[in-house]
Amino acid sequence: MSKQDKEFVKEITPQSEDYSQWYLDVVLKAQMMDYSPVKGCMVIRPYGFTLWENMQQGLDKRIKATGHKNAYFPLFIPESLLQKEADHVEGFAPEVAWVTHGGNEKLAERLVVRPTSETIICEMYSRWIQSYRDLPVLINQWCNVVRWEKVTRPFLRTSEFLWQEGHTAHRNEEEAEEETLKMLEVYRDFVENDLAVPLFVGRKTENEKFAGALRTYSIEALMSDGKALQAGTSHNLGTHFAKVFEITYLDRDGELKFVWQTSWGVSTRLIGAIIMVHGDDRGLVLPPKVAPTQVVLVPIAPKKVREEVLVKAAILYEELRAAEIRVEMDDREEYSPGWKFNEWEMKGVPLRIEVGPRDLEAGQAMLARRDTGGKETVSLEELMTRVPALLAEIQANMYEKAKKFRDDNTHRTDDYAEFKQIIEEKRGFVLSRWCGDSACELAVKEETKATIRCVPFNMETSPGKCLHCSTESTKLVYFARAY
RNA sequence: CGGGGUGUAGCGCAGCUUGGUAGCGCACUUGGUUUGGGACCAAGGGGUCGCAGGUUCGAAUCCUGUCGCCCCGACCA
C-alpha cells in the first residue's frame with residue numbers, strides 16, 4: 001500500500017498488521033454495528049440492518065419458493081421442554097439464559113430464552129400432527145436467539161443474534177433427507193449467488209454435528225485470513241425429537257409412526273462472512289445484490305456551475321431510482337469530493353458515479369467500481385444500460401476473485417508433516433484422507449487446531465492412507481482452522 | 001473460564017513514575033473562503049478522568065475491589 005493510500009484509510013488498521021483489529025475497525029467505522037451496554041450484545045445500525053434486510057429478502061424468497069411458510073414461536077421455552085432430548089440439553093445447557101422471575105414473583109418453572117427452537121416447535125408439532133395427511137409440515141421462522149457466549153465478536157459470535165430457522169416434519173427418512181439436502185442447496189445458491197461467497201458443502205462429522213441431530217450438513221467459507229467459517233447448517237434430526245416429544249402420525253397402512261424431522265438455519269454471522277471474504281484495507285466491499293446502497297452519486301459542484309451540476313445529478317438520480325437501483329445522492333456541501341470517495345469506499349458501496357463540470361461538458365459521467373478500483377467514463381446516453389451491467393459484472397467478479405482465493409488456499413495432501421506445515425504457515429483448507437475415526441479427528445484437532453469442516457459429497461478417491469493413523473481410506477475431507 | 005493488555009471529550013491519545021487550576025489532534029458549532037482522491041482561516045462548545053470504596057488538607061495520579069472492551073488459549077451459528 002502506498003503512503004498516500006495509508007493516509008486515506010488511517011482509521012482502519014491494515015489486515016496484514018492485525019486482522020482482528022481490521023475487522024473491528026471496519027464494522028465500527030462503516031457503522032454496521034455498535035457495542036451496547038449489554039455484554040456480548042451489539043446494536044445493528046441501519047447500514048448493517050439494511051444489509052441484513054436485503055439478505056433476508058433474497059433468502060426468504062427462496063425458502064418460500066421451496067414450499068415453506070413463515071410462522072412465529074415464543075421466545076421463552078419451559079425448562080421441562082428443553083430437558084427432553086438428552087443430547088440437545090447437553091449441547092445447549094452451558095449457554096442458555098434463564099428467566100426465573102415474573103415481576104417480583106419467582107416462577108414455578110424456569111423459562112429458557114430460546115437458544116434455538118427445536119423443543120418448543122416439537123411440542124407444537126406433537127399437537128398438530130395426527131395423520132400422514134398432515135405431513136409434511138414446512139415452517140420457517142425469522143427471529144432472535146440467545147446463547148450466553150464467553151467470547152463474543154461482532155456478527156461472528158454474539159450473545160443474541162438474528163437468524164432464520166426452518167423446522168420440518170416428514171413421513172420417512174427419505175423425505176427428511178431430501179428436505180435437508182434441498183435446503184442445503186438453497187443456502188449454497190443464496191450464499192454463492194447473492195453474497196458472492198464461494199463454498200464447500202458437505203456433511204459434518206459426528207463430533208461436529210448439531211446437538212440432537214442424526215446428520216448435519218454445512219456450507220463452509222474461507223475468510224481472507226485463511227480461517228474457515230461455518231456459514232449455515234442443515235440437519236436431518238431423524239426421529240430423536242419425535243420420540244421424546246411423541247410426534248406421531250397414523251400412516252396409510254394403519255400404523256402409528258414417528259415423524260422424521262429437519263431443521264436448518266443461517267444467521268447474521270453471514271454478515272461477518274461477507275466482510276471477511278470481500279473486505280480490504282480500505283474497508284467493506286459489498287456484493288451489489290445485497291448492498292444497502294448499490295450506487296452513490298457524487299456531484300462535483302464548484303460554485304460557478306453548482307446549480308447546473310446539481311440539476312443534472314438530480315435527473316440521473318431519478319433515472320437510477322426509476323430503474324430500481326438502490327442509489328444515494330451525496331450532495332453534502334461540507335465535505336470535499338475526495339473525502340466522500342473514501343467514505344463510501346469504506347462503506348463498501350459497489351459503484352460510484354461522479355458528475356462534474358468537465359463531464360457535463362463532454363456529456364459523460366465517471367464510474368468508479370469498488371471491487372477493482374477501476375474507473376471508466378461513460379456517455380450519459382449509455383449510463384442507464386452501463387450501470388446495471390457493471391453491477392452484474394462486479395457481482396460476478398467478486399465471486400470469481402473470492403473463488404480464486406479459496407482455490408489458491410485449498411491444498412491437497414495426505415502427509416501429516418506437510419499438513420501441519422500448511423495449517424500453521426499458509427492456513428486455508430486442506431483436503432486430506434481420513435479414516436472416519438473420531439479419535440483421529442480429535443487428535444488432529446488437538447495437535448494442529450484444525451477441525452474437519454465437512455466431508456464433501458462425491459469425493460471418494462483411490463485407496464490411500466489416513467492422514468493421521470495411516471489406516472486405509474478412500475474418504476477425503478476438508479480440514480481448516482475455523483472461527 | 002484461565003493468561004495478557006486496556007479504560008481520561010464523539011474518536012485517537014498525552015498527563016500518572018514524583019498527588020496541587022484536566023490538555024493535544026481529529027470530529028462538532030458559528031461566520032467566511034472552498035469543491036475532480038480525506039480543503040483553509042477565525043471564533044466557540046464539550047470531560048464528576050469506567051465504577052465503588054480507601055489513604056490524604058487535597059486523587060486522573062497512590063491502595064483495594066469491581067465492571068466493560070481487546071488479544072491469546074478451552075466451548076459454540
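The chains referred to below are lettered A, B, ... by the order of the sequence lines, with proteins before strands, and numbering in each begins at 1.
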Ordered by number, residues from residues 352-364 of chain A within less than 4.0 Å of RNA chain B (heavy atoms) are A:Arg352, A:Glu354, A:Gly356, A:Pro357, A:Arg358, A:Asp359
The residue among A:Trp434, A:Phe429, A:Phe457 that forms ring pair (Phe, Tyr, Trp, His ring centres under 6.0 Å) with A:Tyr478 is A:Phe429
| query | Relative to the ring of A:Trp163, is the ring of A:Phe161 parallel (under 30°), tilted (30 to 60°) or perpendicular (over 60°)? | reply | perpendicular
| Integer angstrom distance from the P of B:U30 to that of B:G45 | 15 Å
query: With no hydrogens and no angle check, do the side chains of A:Glu118 and A:His235 hold a donor and an acceptor under 3.5 Å apart?
result: no
Re B:G2: Watson-Crick or G-U wobble partner, both distances kept under 3.5 Å, found to be B:C72
Those residues at least two apart in sequence (or on a different chain) that pass salt bridge (charged side-chain N to carboxylate O under 4.0 Å, His left out) with A:Lys150 are none
The salt bridge (charged side-chain N to carboxylate O under 4.0 Å, His left out) partners of A:Glu318 (sequence neighbours excluded) come to A:Arg321
Could you tell me how far B:G12 sits from B:U6 if I compare only their C1' atoms? Round to whole Å.
14 Å
Between A:Tyr335 and A:Glu95, the residue closer to the 5' end of RNA chain B by nearest nucleotide is A:Tyr335
- Query: Hey, does A:Ser263 reach any base, or is it just sugar-phosphate, or nothing, if we go heavy atoms under 4.0 Å?
  - Reply: nothing
Mate of B:G36 across any strand shown (Watson-Crick or G-U wobble, both atom pairs under 3.5 Å) is none
Open item on the list: On the six-membered ring of A:Trp344, is A:Arg352 placed so that its NZ or CZ lies under 6.0 angstrom from the centre and within 45° of the ring axis?
Closed with: no
Side chain to side chain contact (heavy atoms under 4.5 Å, CB included) filter on A:Asn397, not counting sequence neighbours, yields A:Arg369, A:Asp371, A:Thr372
Taking a pair to mean Watson-Crick or G-U wobble geometry with both distances below 3.5 Å, B:U56 pairs with none
Answer for the Watson-Crick or wobble partner of B:A43, both distances under 3.5 Å, is B:U29
In Watson-Crick or G-U wobble terms, with both distances under 3.5 Å, the base opposite B:G23 is B:C13
Kindly give the atom pairs (protein nitrogen or oxygen, nucleotide nitrogen or oxygen) under 3.5 Å for nucleotides 65-74 of chain B.
residue : atom : partner : partner atom : Å
B:C69   : OP1  : A:Gly40 : N            : 3.3
B:C69   : OP2  : A:Lys39 : NZ           : 3.2
B:C70   : OP1  : A:Tyr35 : OH           : 2.8

Note to self: By a 5.5 angstrom centroid cut-off and a 30 degree plane limit, is there stacking between A:Phe161 and B:A77?
What the structure shows: yes
Sorted by chain and number, sequence neighbours left out, salt bridge (charged side-chain N to carboxylate O under 4.0 Å, His left out) with A:Arg332 holds for A:Asp330
